[in-house]
Amino acid sequence: MKKADLLNRNSNLSFKEILQKIPSDILVEMTPSTPNGQPGLNHIKEAFLHKKHVVTSNKSPLVLKYRDLINLAQQNNCEFRFEATVGGVIPIFTTVQNGLSASEISKIEGILNGTTNYILTRMSEGSSYAEALADARKLGFCETNPYDDVSGLDAARKLVIIANVLLGYNITLEEVKTRSIEDISQAQIIEAHLNNQVMKHIATLEVLNNEIQAFVEPKYINVSNPLAHVKGIMNAIQIFTKYAGEITLFGVGAGPKEVSTIILSDIISIGRNL
Ligand SMILES: NC(=O)c1ccc[n+]([C@@H]2O[C@H](COP(=O)([O-])OP(=O)(O)OC[C@H]3O[C@@H](n4cnc5c(N)ncnc54)[C@H](OP(=O)(O)O)[C@@H]3O)[C@@H](O)[C@H]2O)c1
């Protein structure tokens, strides 16, 4: 049997059998982010149990079982990389873990979903919500279920990953207060412009007295805020630190070609350590 046949989803082999039959060092897991984390969660666990490193763009396994997965990776001497799960091409994990390890972070705020930012930008240019959403789907920006984008669920998943991986918390998706962009009218967007403001879908993590709060909500922001100038499919992440001030990162938030480069970077990083 050829490797391509083994990888065919319709082959009769179980995922475990595929892992055993294909000689490989790394599993790249890119199935859809689902409410119960499957099939990605099982794929990743099985890969570690077979001593294979994992690169993933799939948020749900991290949202649901980050600690279990990182422990399993360590027990099996495997690397676990997931840079593409948050912020599109922005290397948020590498930046914070390597570059800001001495900085105390008090808040992280950003535009973490390219699809909603694309829709709000198009609406500010005169398109209807339905037209903008249809175009976002055509261009491959949306999640497998676009409701995950517009409801704020996708951005909420990303906040959970940031809180648990970078800030050391253990929050769940239910703890993120989320509001959709579906009810935003063109009139609200125009009104914002008249007041030197812009309507954006903003994701916020704020640490106060060691307690963390997480929100995803449509918000009026002033044009003086760097996030006001993030247009279309772009993402931005602002990191507020206690002593190093504020750092803002910008980058394309979604798209098959762009995000593939981040997956490849994770593979190359693992390859360098092999
Ligand atoms: N697109 C982006 O810009 C982007 C950015 C960051 C993160 N992500 C994440 O990356 C992942 C993939 O995104 P995508 O846009 O490539 O999604 P997609 O276009 O919907 O592709 C999903 C892929 O998973 C396969 N698949 C679905 N269920 C499967 C199963 N049970 N077993 C094996 N394969 C299965 C599908 O195969 P079939 O074609 O055979 O159905 C398809 O190839 C998602 O978790 C998403 O959240 C995407």
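Note that the structure is predicted; figures quoted are calculated from it, not measured. These numbers come from the heavy atoms of this one structure, side chains and all, not from hydrogens, waters or symmetry mates. Counting convention: from 1, in listed order, for ligands and their atoms alike.
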Quiz item: Which atoms of ligand 1 have any heavy atom of A84 under 4.0 Å away?
Solution: 6 (C), 7 (C)
Quiz prompt | Best match, G88, G87, P32: closest heavy atom to atom 27 (C) of ligand 1 | solution = P32
Quiz item: So between S260, G255, P256, G140, whose heavy atom ends up nearest atom 3 (O) of ligand 1?
Solution: G255
Practice problem: Quick one: look at S60 and ligand 1, take heavy-atom pairs under 4.0 Å, and tell me if it's side chain, backbone, both or neither. | Solution: neither
Quiz item: Hey, does the side chain of T115 reach the backbone of F141 with a donor-acceptor pair shorter than 3.5 angstrom?
Solution: yes
Quiz prompt | Distance-only N or O hit between ligand 1 and K59, under 3.5 Å | solution = yes
Quiz item: When H201 is tested against each of V216, V150, D149 for side-chain contact (heavy atoms from CB on, under 4.5 Å), which residue passes?
Solution: V216
Quiz item: Atoms of ligand 1 less than 4.0 Å from V259 heavy atoms?
Solution: 3 (O), 5 (C), 6 (C)
Practice problem: State plainly whether the residues D135 and K138 are in salt-bridge range, i.e. N to O under 4.0 Å. | Solution: yes
Exercise. Look at E79 together with R81 and state whether they make a salt bridge at an N to O cut-off of under 4.0 Å.
Key: yes
Exercise. Kindly confirm or rule out an N or O of T144 lying under 3.5 angstrom from an N or O of ligand 1.
Key: yes
Practice problem: Report the part of S57 (side chain from C-beta onward, or backbone N, CA, C, O) that has a heavy atom under 4.0 Å from ligand 1; answer both or neither where that applies. | Solution: both
Exercise. For N58, take its heavy atoms, then give the atoms of ligand 1 lying under 4.0 Å from any of them.
Key: 45 (O)
Exercise. Measure E143 to ligand 1 on non-hydrogen atoms and call it side chain, backbone, both or neither using the 4.0 Å cut-off.
Key: side chain
Quiz item: Can you name the one residue among V55, V259, I263 that meets side-chain contact (heavy atoms from CB on, under 4.5 Å) with M30?
Solution: I263
Quiz prompt | Short side-chain to backbone donor-acceptor contact, H53 and I26, under 3.5 Å | solution = no
Quiz prompt | Residue among N117, I202, L159 satisfying side-chain contact (heavy atoms from CB on, under 4.5 Å) with L112 | solution = L159
Quiz item: Are K59 and E143 within salt-bridge range, i.e. N to O under 4.0 Å?
Solution: yes
Quiz prompt | Numbered atoms of ligand 1 (with element) below 4.0 Å of A254, judged on heavy atoms | solution = 3 (O)
